[in-house]
Amino acid sequence: MELQIWPGNWGLPSTDPQCLTVITYCRMCGFDLPTAVVPGTWNGRRLPVLTLSESGEYLETPQNIINLLISRDSIQMDHHLSEKNKSEAVALTSMVTETLYTAMLCALWLDDENYEAVSLPSYKEIFKLPFSYFKAYEMRRFVRCLVLARHSLDDNTDLTTVLKKVFDSSKRCLQILANKLGSKQYLFGDVPSQLDAYVFAHLSLIRSCPAKSRLKEDMTKLANLDDYALRLHKKYFPKLHRDYTPVQNVEHWLMSKTKRHQLASLTAVLGLIGVFVWYRGGSRLHINNRALEPR
C-alpha cells in the first residue's frame with residue numbers, strides 16, 4: 001500500500017487537509033504507511049489516494065481509506081468511545097469537513113491578497129510555468145462555484161456577502177470545538193480518536209498557513225484550540241515542528257518569495273541572453289570564416 005498525497009509546506013507533510021487527516025490518523029495509531037508526494041492529481045483522481053499494490057486497485061477520500069485500515073489492519077482508535085460518543089464524532093466530523101474546509105478554501109482562494117501572496121506562489125512551486133497560472137485560476141473558479149452552490153447563491157451574488165456567511169459559520173464551528181475540547185488533551189479525553197485526526201488536520205493548516213483571514217483570527221482567540229493544534233504538531237510531527245519557523249508577517253513572506261522568483265526569472269533571462277549571444281557570435285564567426293575562404 002502507498003498513500004498518494006499533495007505536497008507539504010509550512011511545517012506540515014501536506015497542505016491538503018484531507019491528505020493530512022489520513023497521515024495524522026496513521027501517526028496517532030503508530031502505523032507506518034508509505035507515502036508518495038504527487039503534484040495535482042493521481043491518474044485524474046483527487047488526493048488522497050491509497051494504492052493497493054497487490055491488486056492495482058485504489059481508494060479515495062479519507063474516510064474510505066481509514067475504513068480500509070480499520071478492517072484490514074485493525075488500526076482502530078475509536079474502540080474506547082461509547083455509541084453516543086461515536087454518533088457525536090460523526091456529526092462533528094461532518095461539520096469540520098464542510099464548514100472549516102469551505103472557510104479555508106475561501107480564505108486562500110477568494111481573498112485577493114491571500115491569492116496573490118500565498119496560493120499563487122505555492123502553485124508556482126508545485127507546477128511549472130505557465131501551467132501554475134492555469135491550475136490556480138481553475139482552482140479559484142472551482143472554489144467560487146463550490147461556495148455558491150453550498151449556500152444556494154447565484155453567480156452574481158456579492159462576494160463580500162458570501163464570505164461573511166462562510167466565516168460566520170466557521171466561527172460557530174470553532175466555538176463548538178473549543179467547548180467540546182475544554183481542558184482535555186483530546187476531544188474525547190486522554191486518548192486520541194478518529195475525530196482528532198480530522199480536527200487537527202484543519203486547525204494546524206489554519207494555524208500554520210501564512211494567509212491572513214478572519215478564520216485564523218477567530219481560531220487564535222480560542223486559546224485551547226490554538227494550544228491543541230500546537231501540542232499535537234509537536235507530538236506527531238516533531239522533526240517538521242523543529243525545522244519550521246512560523247511566518248509572523250505575510251508581507252515579509254511574500255517579499256522573500258517574490259525575491260526568490262525574481263532571482264530565478266533573472267537567472268533564466270540571463271541564461272537565454274547568454275544562449276542568444278553565443279548563437280549570434282557563432283553564426284557571425286561562421287559567416288566571417290566563409291567570407292575569408294578563397295573563391
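Following chains of ILVMFWY side-chain contacts shorter than 4.5 Å, one can reach Y133 starting from F142, so the two form part of one hydrophobic cluster. Cluster annotation: Y115 and L159 are assigned to the same hydrophobic cluster (Ile/Leu/Val/Met/Phe/Trp/Tyr, side-chain heavy-atom contacts under 4.5 Å, transitive). If you chain together hydrophobic residues whose side chains sit under 4.5 Å apart, V38 and F134 never meet in one group. M77 and V191 end up in different hydrophobic clusters when Ile, Leu, Val, Met, Phe, Trp and Tyr side chains are linked at under 4.5 Å. Residues I126 and W10 are members of one and the same hydrophobic cluster, defined by side-chain heavy-atom contacts under 4.5 angstrom among Ile, Leu, Val, Met, Phe, Trp and Tyr.
Nearest heavy atoms, V22 versus P62: CG2-CA, 3.7 Å. Taking all atoms of both residues into account, the shortest heavy-atom contact from D32 to P34 is O-CD, 3.5 Å. The heavy-atom pair separating V118 from C209 by the smallest distance is CG1-SG, 4.1 Å. Across all non-hydrogen atoms, the minimal contact from Y198 to H202 is O-ND1, 2.8 Å. Closest non-hydrogen pair, F131 versus F127, comes out as C-CB, 4.4 Å. The two atoms that bring S213 and A107 nearest to each other are CB-CB, 3.7 Å, heavy atoms only.
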### Message
Is there a side chain to side chain contact (heavy atoms under 4.5 Å, CB included) between L230 and H241? Walk through the geometry before answering.
### Response
CA-CA 9 Å; L230 176 61; H241 179 80; 3.4 Å; yes

### Query
Passes side chain to side chain contact (heavy atoms under 4.5 Å, CB included), E83 versus K86? Steps please.
CA-CA 5 Å; E83 291 303 317; K86 289 178 181 178; 3.9 Å; yes

### Task
Could you walk me through whether T35 and L3 pass side chain to side chain contact (heavy atoms under 4.5 Å, CB included), step by step?
CA-CA 5 Å; T35 59; L3 182 67; 4.1 Å; yes

### Task
Take S193 and H80, measure what side chain to side chain contact (heavy atoms under 4.5 Å, CB included) needs, and give me the verdict at the end.
CA-CA 9 Å; S193 66; H80 64 292; 4.3 Å; yes

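At a threshold of 4.5 Å between non-hydrogen side-chain atoms, the residues R144 and L110 count as touching. Side chains of L148 and V162 form a contact here, defined as non-hydrogen atoms less than 4.5 Å apart. A 4.5 Å side-chain heavy-atom check between P13 and Y236 finds every atom pair outside the cut-off. The shortest side-chain heavy-atom distance between L215 and F167 falls under the 4.5 Å cut-off. Considering only heavy atoms from C-beta on, C173 comes within 4.5 Å of L177 through its side chain. Between R242 and K239, the closest side-chain pair of non-hydrogen atoms falls below 4.5 Å. The shortest distance between side-chain heavy atoms of L20 and P17 does not fall below 4.5 Å. Residues I206 and T220 form no side-chain contact, since every pair of their non-hydrogen atoms from C-beta on lies 4.5 Å or further apart.
With hydrogens and angles disregarded, a donor-acceptor distance shorter than 3.5 Å links the side chain of R231 to the backbone of Q185. Looking only at distances, no side-chain donor or acceptor of D226 sits under 3.5 Å from a matching main-chain atom of L222. Side-chain atoms of D78 come within 3.5 Å of backbone N or O of Q194 as a donor-acceptor pair. Counting only distance, with no hydrogens or angles, the side chain of N224 and the backbone of S183 share no donor-acceptor pair below 3.5 Å. No donor-acceptor pair under 3.5 Å is formed between the side chain of S208 and the backbone N or O of L205. At least one donor-acceptor pair closer than 3.5 Å links the side chain of H233 to the backbone N or O of G11. In this structure, the side chain of S71 engages the main chain of L68 through a donor-acceptor pair within 3.5 Å. D227 contributes no side-chain N or O that, together with a main-chain N or O of A223, makes up a donor-acceptor pair within less than 3.5 Å. Proximity of a side-chain donor or acceptor of T15 to a complementary backbone N or O of N9 within less than 3.5 Å is not detected. Of the possible donor and acceptor atoms, one in the side chain of S14 sits under 3.5 Å from a partner among the backbone N and O of W6.
Between R27 and T24, the side chains place no donor N or O within less than 3.5 Å of an acceptor N or O (distance only, hydrogens not considered).
Counting non-hydrogen atoms of other residues, nucleotides and ligands closer than 6.0 Å to OH of Y137 gives a total of 12 or fewer. For CG of D190, the number of neighbouring non-hydrogen atoms (other residues, nucleotides, ligands) closer than 6.0 Å is 12 at most. Atom NZ of K184 is surrounded by more than 12 heavy atoms from other residues, nucleotides or ligands within 6.0 Å.
Considering CE of M1 and CG of L50, their distance stands at 6.0 Å, rounded to 0.5 Å. For the atom pair CD of Q76 and CG of N67, the computed distance is 9.5 Å after rounding to the nearest 0.5 Å. One distance of note links NZ of K216 with CG of N114; it measures 9.5 Å at 0.5 Å rounding. Interatomic distance, E60 CD to I65 CD1, rounded to the nearest 0.5 Å: 8.5 Å. Rounding to the nearest 0.5 angstrom, the gap separating the CD1 atom in I70 from the OH atom in Y25 is 3.5 Å. If you take CG on D111 and OG on S119, they are separated by 9.0 Å, rounding to the nearest 0.5 Å.
Salt bridge status for E98 with R150: absent, with no side-chain N to carboxylate O gap under 4.0 Å. A salt bridge links D168 with K164: the closest approach of a Lys/Arg side-chain nitrogen to an acidic carboxylate oxygen falls below 4.0 angstrom. Under a 4.0 Å N-O distance rule, the pair R140/D112 qualifies as a salt bridge.
Tested against Y186 for a side-chain contact (heavy atoms from CB on, under 4.5 Å), the candidates L232, V199, L195, L181 yield a single pass: L232.
Remark: K135 is not positioned above the aromatic ring of Y123, lacking an NZ or CZ atom under 6.0 angstrom from the ring centre and at most 45 degrees off the axis.
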